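Because the structure is predicted, anything quoted here is derived from the model rather than measured. To find a chain, count down the sequence lines: A is the first, B the second, and so on, and within it residues start at 1.
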Number of protein chains: 4
Amino acid sequence: MLDAATAVFSERGFHAASMDEIAERAGISKPMVYLYLGSKGELFSACIRRAGGQLTEAISAAAAPELPAEQQLWAAVQAFFEFVGEHRDAWAVMFRQARGEGEFAGEVAGIRRLVVDNVADLFARAIHSAGALDPGPDELRALAHALVGTGESMAEWLLDHPDERPETAATRLMNMLWMGLGSLIRGEVWRSPVPVPLPPGQ
Amino acid sequence: MLDAATAVFSERGFHAASMDEIAERAGISKPMVYLYLGSKGELFSACIRRAGGQLTEAISAAAAPELPAEQQLWAAVQAFFEFVGEHRDAWAVMFRQARGEGEFAGEVAGIRRLVVDNVADLFARAIHSAGALDPGPDELRALAHALVGTGESMAEWLLDHPDERPETAATRLMNMLWMGLGSLIRGEVWRSPVPVPLPPGQ
Amino acid sequence: MLDAATAVFSERGFHAASMDEIAERAGISKPMVYLYLGSKGELFSACIRRAGGQLTEAISAAAAPELPAEQQLWAAVQAFFEFVGEHRDAWAVMFRQARGEGEFAGEVAGIRRLVVDNVADLFARAIHSAGALDPGPDELRALAHALVGTGESMAEWLLDHPDERPETAATRLMNMLWMGLGSLIRGEVWRSPVPVPLPPGQ
Amino acid sequence: MLDAATAVFSERGFHAASMDEIAERAGISKPMVYLYLGSKGELFSACIRRAGGQLTEAISAAAAPELPAEQQLWAAVQAFFEFVGEHRDAWAVMFRQARGEGEFAGEVAGIRRLVVDNVADLFARAIHSAGALDPGPDELRALAHALVGTGESMAEWLLDHPDERPETAATRLMNMLWMGLGSLIRGEVWRSPVPVPLPPGQ
DNA sequence: CATGAATGAGGCTTCATTCAT
DNA sequence: TATGAATGAAGCCTCATTCAT
């Protein structure tokens with residue numbers, strides 16, 4: 001049922017989605033939807049929470065805590081792009097639809113905060129393990145926030161360019177993040193600290 | 001009138017916004033809104049186009065074409081953050097609301113494309129003037145697209161942290177863009193190629 | 001529900017009729033009307049089509065095809081006047097309301113054409129069986145069209161004179177049609193080729 | 001101004017006609033329309049009354065009172081068809097639009113009554129001058145009413161068949177009226193009691 | 001448990017009508 | 001006098017939500 005709702009919400013948006021269409025696409029009757037979820041708002045909220053859970057789950061599962069920070073980041077970024085590619089609807093609900101609905105923006109902001117905090121933590125550990133000057137947690141969170149935005153933007157790009165592979169986007173993001181354009185200009189290129197794991201089934 | 005509409009759309013979203021509220025907040029009656037703009041959709045579209053025009057205008061005005069690319073980029077980024085801070089509603093309409101409304105997503109995508117193309121061009125010129133290897137236009141546009149996403153995300157951060165000055169965000173973006181996190185870790189910092197102009201009144 | 005709609009449309013006309021009143025008079029709520037009929041236009045159209053069906057049905061049922069043409073005509077004319085007397089609303093919708101609404105004039109014209117064609121055919125057979133000169137189909141249809149107009153006008157007269165019996169109007173129409181005023185002046189009078197069937201209950 | 005109003009009313013009907021369009025087509029501003037005619041209803045009423053006046057005028061002018069009744073009838077019928085052909089809009093307003101609008105049906109009924117009374121009077125005089133049995137005024141008015149309906153129907157036929165000349169319709173009507181279908185079957189045909197007057201300007 | 005049937009409420013849109021100039 | 005500008009009122013339609021079965 002959440003699948004159907006997520007699909008409709010992602011296509012139409014919260015307000016334009018009709019409970020009729022959701023129920024129909026779920027193959028059940030409208031009163032059932034209300035019995036299980038209570039109201040349109042709660043249904044939307046459930047979609048958001050499930051999508052958020054899946055996303056954070058996917059990222060956490062990829063970034064094994066025993067790995068070095070840079071490597072965790074690389075894994076997380078890859079997992080993120082893969083998630084977006086495989087859950088287009090869930091992604092659209094969170095990133096494109098829920099953001100504008102004041103009533104639900106908080107929920108998606110909470111999910112985003114989880115990711116940002118994770119990333120900020122990885123930044124901190126990477127800096128710490130390099131023995132560099134600690135920029136302070138606020139600065140780190142600002143950077144992490146920015147990185148997540150970069151990823152989101154690249155995710156949209158990925159969805160608009162079906163030929164592109166997630167790994168390409170991931171590499172591009174790491175390059176931009178780790179090297180900066182200046183370094184790129186100087187011919188430096190970031191390389192995966194570990195051999196790129198083959199996609200499953202290849 | 002577009003001000004009122006932009007305000008309401010930014011708060012409520014396209015569907016949840018009511019023409020009644022827009023008219024009331026504009027201080028006129030509903031039939032006037034229809035007389036001048038035609039329909040809710042055209043009103044929304046007009047808000048988007050005006051916001052887009054203002055944004056691209058602000059960026060173009062800041063990035064004087066005779067300056068070096070890096071400097072133009074710096075000026076454009078600053079102008080962008082200033083615009084967002086000063087036109088919160090317009091920004092919210094474009095970035096948070098119009099994206100999810102299929103019917104209007106195209107318009108905001110068009111505006112975004114303008115900005116991305118500009119940025120990609122600046123990238124190309126920066127790389128060219130550095131005599132570095134040309135990465136090809138597609139790669140450049142992908143990078144520019146990513147950078148714009150970074151800026152959008154930072155803009156949201158800025159709106160959530162009213163104490164932060166736009167220059168700070170701009171510097172942070174240029175650092176991340178130009179130096180990369182790796183360089184930052186090594187203690188390198190990007191610096192404005194020109195003295196930062198003082199904000200008016202300081 | 002079509003009854004209620006026909007009643008309201010007949011009193012107010014298409015534009016002046018409000019869906020609110022129709023729903024109220026039908027004893028249901030407005031959304032039900034939309035659920036069953038779709039829109040005001042389709043509702044009006046349904047009323048027209050039902051009325052047309054009833055009318056043509058009544059006429060066809062009366063004019064048994066095995067009878068001679070003159071007798072069929074007589075039966076049809078009677079059936080027509082009885083129909084109008086018993087379905088005032090349906091008649092008003094077709095004859096007084098739908099004619100002026102460009103969008104629906106075609107439907108009522110189609111119904112009328114059915115009747116006219118039937119009448120023209122009866123004319124043709126009457127003439128043929130009398131061995132008279134065939135005036136050609138166009139001329140016949142013109143005459144039939146005129147006769148139908150005569151009937152329509154008499155129907156209105158009937159509605160305005162509730163004391164008058166339908167048989168009187170039917171006889172008058174046959175007289176005018178068959179004898180012409182000239183013959184009437186000469187004292188000739190048309191008589192029903194069969195004994196007038198008594199109305200039910202008398 | 002009445003021309004414009006009549007045109008719009010005839011195309012759209014009373015309710016669907018908008019004062020905006022009427023004013024625009026009249027080449028004046030809306031407040032002027034209200035200044036001169038007061039309200040939409042009065043404007044419609046004025047259109048009806050003018051059309052009715054023109055019609056009765058045309059008929060009266062044609063039927064010179066010193067002529068014999070049959071000849072007056074013939075002249076009146078011709079004048080009627082010519083009027084309809086030359087004032088399509090006025091005709092449509094009266095016959096197709098005003099009939100359904102309860103508020104105005106009375107006005108058009110009044111006009112119609114004038115014509116019917118005239119016709120009934122001609123009938124009476126024709127019968128009287130033939131020395132035949134007087135059928136009584138009510139019967140006469142019923143017949144006259146029927147004849148007018150025949151004429152209206154033929155008028156519509158004429159409007160739908162632009163190739164047909166008004167004289168043809170007039171002859172057909174007189175035939176049907178005077179001879180009846182029975183006489184027609186017997187090969188009798190009504191002929192104009194006077195040479196057909198040439199249309200003006202020929 | 002599951003649903004067909006039903007509705008109150010509200011939104012977009014338009015129109016007859018009137019000021020203020 | 002003539003009009004551009006403005007509006008209260010009302011209509012069509014749809015939707016989230018709930019009974020009664």
| message | The test is side chain to side chain contact (heavy atoms under 4.5 Å, CB included); show your working for B:Phe104 and B:Arg99 and say whether it passes. | response | CA-CA 7 Å; B:Phe104 304 98; B:Arg99 280 203 166 168; over 6 Å; no
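- Ring-plane geometry between A:His15 and B:His15 is classed as parallel, the angle between the planes falling under 30 degrees on a 0 to 90 degree scale with a further cut at 60.
- The backbone N or O of D:Gly41 sits nowhere less than 3.5 Å from a side-chain atom of D:Ser45 that would complete a donor-acceptor pair.
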| request: Output, in order, the C-alpha distance, side-chain angles, deciding distance and verdict of side chain to side chain contact (heavy atoms under 4.5 Å, CB included) for B:Arg112 and B:Val108. | output: CA-CA 6 Å; B:Arg112 202 179 191 273; B:Val108 77; 5.8 Å; no
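- Each of A:Val8, A:Leu37, A:Ile28, A:Leu2 was scored for a side chain to side chain contact (heavy atoms under 4.5 Å, CB included) with A:Ile22, with one residue passing: A:Val8.
- B:Arg12 places its CZ atom 14 Å from the C1' atom of E:dG10, with the value rounded to the nearest Å.
- Nucleotide E:dA16 holds its P atom 11 Å from the CG atom of D:Leu43, rounded to whole Å.
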| task | Verify side chain to side chain contact (heavy atoms under 4.5 Å, CB included) between A:Gln97 and A:Ile48, making sure each step is shown before the conclusion. | result | CA-CA 10 Å; A:Gln97 304 298 354; A:Ile48 295 174; over 6 Å; no
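- B:Glu21 has its CD atom 13 Å from the C1' atom of E:dG11, to the nearest Å.
- Atom CZ of B:Phe44 and atom P of E:dG11 are 17 Å apart (whole Å).
- Between the C1' atom of F:dG4 and the CD1 atom of D:Ile28 lies a distance of 15 Å, rounded to the nearest Å.
- The base-pairing partner of F:dA20, taking Watson-Crick or G-U wobble contacts with both distances under 3.5 Å, is E:dT3.
- In this structure, D:Leu35 atom CG and F:dT3 atom P are separated by 11 Å, rounded to whole Å.
- In terms of position along DNA chain F, the nucleotide closest to D:Met32 lies nearer the 5' end than the nucleotide closest to the other residue of the pair D:Met32 and B:Gly27.
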Is there any protein nitrogen or oxygen under 3.5 Å from a nitrogen or oxygen in nucleotides 10-14 of chain F, and what are the pairs?
residue : atom : partner : partner atom : Å
F:dC12  : OP1  : C:Ala17 : O            : 3.3
F:dC12  : OP1  : C:Lys40 : NZ           : 2.6
F:dC12  : OP2  : C:Met19 : N            : 2.9
F:dC13  : OP2  : C:Tyr34 : OH           : 2.9
F:dC13  : OP2  : C:Lys40 : N            : 2.9
F:dC13  : N4   : C:Lys30 : NZ           : 2.4

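- Atom C1' of nucleotide E:dC15 and atom CD of D:Glu24 are separated by 15 Å, given to the nearest angstrom.
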